Amino acid sequence: MTVMVPSVRPTAPLRDRLVAIVALALSLAATRCPLRWQIAAVRLLVGRLPHARLARLDALYTAVLAVMPAWWPGRIACMEISLATVLATALTGHRAQWVLGARFLPDGAHAWAKVPEGAVGRDIGDAVDRPWMPVLAVP
(Lines give C-alpha, C1' and ligand atoms only; values in the text may rest on other atoms or scores of the structure.)
Protein backbone atom coordinates (compact mmCIF):
# COMPACT_ATOMS: atom_id res chain seq x y z
CA MET A 1 0.00 0.00 0.00
CA THR A 2 1.42 3.35 -1.03
CA VAL A 3 0.48 6.40 0.99
CA MET A 4 0.76 9.65 -0.93
CA VAL A 5 2.36 12.01 1.58
CA PRO A 6 4.46 14.63 -0.18
CA SER A 7 7.95 15.18 1.20
CA VAL A 8 7.56 18.95 0.96
CA ARG A 9 4.16 20.21 1.93
CA PRO A 10 2.56 22.55 -0.61
CA THR A 11 1.17 25.82 0.64
CA ALA A 12 -2.32 27.16 0.09
CA PRO A 13 -4.35 30.18 1.22
CA LEU A 14 -6.03 29.89 4.62
CA ARG A 15 -9.57 29.88 3.18
CA ASP A 16 -8.73 27.00 0.84
CA ARG A 17 -7.05 25.06 3.66
CA LEU A 18 -10.12 25.45 5.90
CA VAL A 19 -12.39 24.13 3.14
CA ALA A 20 -9.88 21.33 2.47
CA ILE A 21 -9.85 20.30 6.14
CA VAL A 22 -13.63 19.90 6.16
CA ALA A 23 -13.60 18.10 2.80
CA LEU A 24 -10.79 15.75 3.85
CA ALA A 25 -12.61 14.90 7.09
CA LEU A 26 -15.77 14.12 5.08
CA SER A 27 -13.74 12.06 2.61
CA LEU A 28 -12.09 10.01 5.35
CA ALA A 29 -15.46 9.42 7.01
CA ALA A 30 -17.01 8.44 3.66
CA THR A 31 -14.36 5.80 3.03
CA ARG A 32 -15.93 3.79 5.86
CA CYS A 33 -19.08 3.46 3.71
CA PRO A 34 -19.59 1.22 0.66
CA LEU A 35 -18.49 2.72 -2.65
CA ARG A 36 -22.08 2.96 -3.94
CA TRP A 37 -22.95 5.17 -0.95
CA GLN A 38 -19.96 7.39 -1.65
CA ILE A 39 -21.04 7.73 -5.29
CA ALA A 40 -24.62 8.57 -4.26
CA ALA A 41 -23.39 11.19 -1.78
CA VAL A 42 -21.19 12.87 -4.40
CA ARG A 43 -24.06 12.91 -6.91
CA LEU A 44 -26.39 14.40 -4.31
CA LEU A 45 -23.89 17.03 -3.17
CA VAL A 46 -22.73 18.34 -6.54
CA GLY A 47 -26.14 18.17 -8.21
CA ARG A 48 -26.47 20.96 -10.75
CA LEU A 49 -23.63 23.18 -9.61
CA PRO A 50 -21.66 24.97 -12.32
CA HIS A 51 -18.32 23.45 -13.33
CA ALA A 52 -15.24 24.75 -11.57
CA ARG A 53 -12.34 26.22 -13.51
CA LEU A 54 -9.21 24.10 -13.77
CA ALA A 55 -7.15 26.69 -11.86
CA ARG A 56 -9.64 26.57 -8.96
CA LEU A 57 -9.68 22.77 -8.96
CA ASP A 58 -5.88 22.74 -8.90
CA ALA A 59 -5.84 25.23 -6.00
CA LEU A 60 -8.21 23.04 -3.96
CA TYR A 61 -6.20 19.90 -4.82
CA THR A 62 -3.08 21.66 -3.54
CA ALA A 63 -4.95 22.70 -0.39
CA VAL A 64 -6.00 19.10 0.27
CA LEU A 65 -2.38 17.98 -0.10
CA ALA A 66 -1.33 20.79 2.26
CA VAL A 67 -3.67 19.71 5.07
CA MET A 68 -3.10 15.95 4.94
CA PRO A 69 -2.10 14.91 8.47
CA ALA A 70 1.15 12.96 8.71
CA TRP A 71 -0.10 11.34 11.93
CA TRP A 72 -3.19 9.74 10.33
CA PRO A 73 -2.99 5.97 11.00
CA GLY A 74 -5.11 4.97 8.01
CA ARG A 75 -4.88 5.24 4.27
CA ILE A 76 -4.81 8.63 2.55
CA ALA A 77 -4.12 7.95 -1.11
CA CYS A 78 -5.52 8.92 -4.48
CA MET A 79 -9.10 7.87 -3.75
CA GLU A 80 -9.36 9.87 -0.52
CA ILE A 81 -7.48 12.87 -1.94
CA SER A 82 -9.55 13.05 -5.13
CA LEU A 83 -12.82 12.64 -3.21
CA ALA A 84 -11.74 15.42 -0.82
CA THR A 85 -10.92 17.63 -3.81
CA VAL A 86 -14.36 17.05 -5.35
CA LEU A 87 -16.06 17.70 -1.99
CA ALA A 88 -14.01 20.88 -1.45
CA THR A 89 -15.03 22.06 -4.90
CA ALA A 90 -18.70 21.41 -4.06
CA LEU A 91 -18.35 23.24 -0.74
CA THR A 92 -17.19 26.30 -2.68
CA GLY A 93 -20.24 26.14 -4.94
CA HIS A 94 -18.79 24.44 -7.99
CA ARG A 95 -18.71 20.99 -9.53
CA ALA A 96 -15.95 18.58 -10.47
CA GLN A 97 -16.11 14.96 -11.55
CA TRP A 98 -14.70 12.20 -9.38
CA VAL A 99 -13.10 9.73 -11.77
CA LEU A 100 -12.08 6.18 -10.93
CA GLY A 101 -9.82 4.51 -13.45
CA ALA A 102 -7.63 1.50 -14.14
CA ARG A 103 -4.82 0.26 -16.36
CA PHE A 104 -3.08 -2.95 -17.33
CA LEU A 105 0.58 -3.96 -17.24
CA PRO A 106 1.06 -3.42 -14.39
CA ASP A 107 -2.47 -3.70 -13.13
CA GLY A 108 -3.54 -0.78 -11.04
CA ALA A 109 -6.39 1.46 -9.99
CA HIS A 110 -6.34 5.22 -9.56
CA ALA A 111 -8.72 8.09 -8.80
CA TRP A 112 -8.57 11.75 -9.78
CA ALA A 113 -10.71 14.88 -10.08
CA LYS A 114 -11.70 16.33 -13.45
CA VAL A 115 -13.40 19.37 -14.98
CA PRO A 116 -14.01 20.00 -18.71
CA GLU A 117 -10.72 21.95 -18.96
CA GLY A 118 -8.56 19.16 -17.53
CA ALA A 119 -7.80 16.98 -14.52
CA VAL A 120 -5.74 17.08 -11.32
CA GLY A 121 -4.06 14.09 -9.71
CA ARG A 122 -4.26 11.99 -12.87
CA ASP A 123 -0.81 12.08 -14.41
CA ILE A 124 1.37 11.19 -11.46
CA GLY A 125 4.31 8.83 -11.47
CA ASP A 126 4.60 6.70 -14.58
CA ALA A 127 1.21 7.62 -16.06
CA VAL A 128 2.89 9.04 -19.18
CA ASP A 129 3.99 5.58 -20.35
CA ARG A 130 0.87 3.72 -19.23
CA PRO A 131 -2.09 6.10 -19.11
CA TRP A 132 -5.07 5.60 -16.84
CA MET A 133 -8.37 4.70 -18.47
CA PRO A 134 -11.50 6.16 -16.86
CA VAL A 135 -13.87 3.45 -15.67
CA LEU A 136 -16.41 5.52 -13.71
CA ALA A 137 -16.99 9.28 -13.63
CA VAL A 138 -19.20 10.71 -10.89
CA PRO A 139 -21.50 12.65 -11.39
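Keep in mind the model is a prediction, meaning the values are calculated, not measured. Because only heavy atoms are used, hydrogens play no part in the values below, and waters and symmetry mates are left out as well, while side chains stay in. All residue numbers refer to positions in the sequence shown, counting from 1.
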Connected-component partners of Leu18 among ILVMFWY, side-chain separation under 4.5 Å: Leu14
Quick check: is [Y] connected to [X] through a chain of hydrophobic side chains (ILVMFWY, heavy atoms under 4.5 Å apart)?
X      : Y      : answer
Leu83  : Leu91  : yes
Leu136 : Leu87  : yes
Leu28  : Met79  : no
Leu24  : Val120 : yes
Val86  : Leu100 : yes

With sequence neighbours excluded, residues passing side chain to side chain contact (heavy atoms under 4.5 Å, CB included) with Ser82: Trp98, Ala111
With Ile21 via side chain to side chain contact (heavy atoms under 4.5 Å, CB included) - residues at least two apart: Val67
side-chain contact (heavy atoms from CB on, under 4.5 Å) between Ile81 and Tyr61, intermediate numbers included: CA-CA 8 Å; Ile81 294 168; Tyr61 177 75; 3.6 Å; yes
Please report, to 0.1 Å, the donor-acceptor pairs under 3.5 Å made by any side chain of residues 33-52, with sequence neighbours excluded.
unit_1	atom_1	unit_2	atom_2	d
Gln38	NE2	Ala30	O	3.2
Gln38	NE2	Cys33	O	3.0
His51	NE2	Arg95	NH2	3.2

Atom pair CZ (Arg122) and NE2 (His110), whose distance is rounded to the nearest 0.5 Å: 8.5 Å
Residue pair Pro69 / Ile76, side-chain heavy-atom distance below 4.5 Å: yes
His94 backbone acceptor or donor facing Thr89 side chain under 3.5 Å: no
Looking only at heavy atoms, which two atoms of [X] and [Y] are closest? And how far apart?
X      : Y      : value
Ala84  : Val64  : CB-CG1, 3.9 Å
Thr85  : Ala113 : CG2-CB, 4.1 Å
Pro139 : Ala96  : CD-O, 3.8 Å
Ala119 : Trp112 : CB-CD1, 3.8 Å

Results of salt bridge (charged side-chain N to carboxylate O under 4.0 Å, His left out) for Asp58 - residues two or more places apart only: none
Salt bridge (charged side-chain N to carboxylate O under 4.0 Å, His left out) partners of Arg17, counting only residues at least two apart: none
Pair Arg56-Asp16, side-chain contact (heavy atoms from CB on, under 4.5 Å): steps then yes or no: CA-CA 10 Å; Arg56 186 68 185 133; Asp16 287 352; 2.9 Å; yes
Evaluation steps, side-chain contact (heavy atoms from CB on, under 4.5 Å), between Glu80 and Arg75: CA-CA 8 Å; Glu80 294 80 14; Arg75 176 181 190 265; 2.8 Å; yes
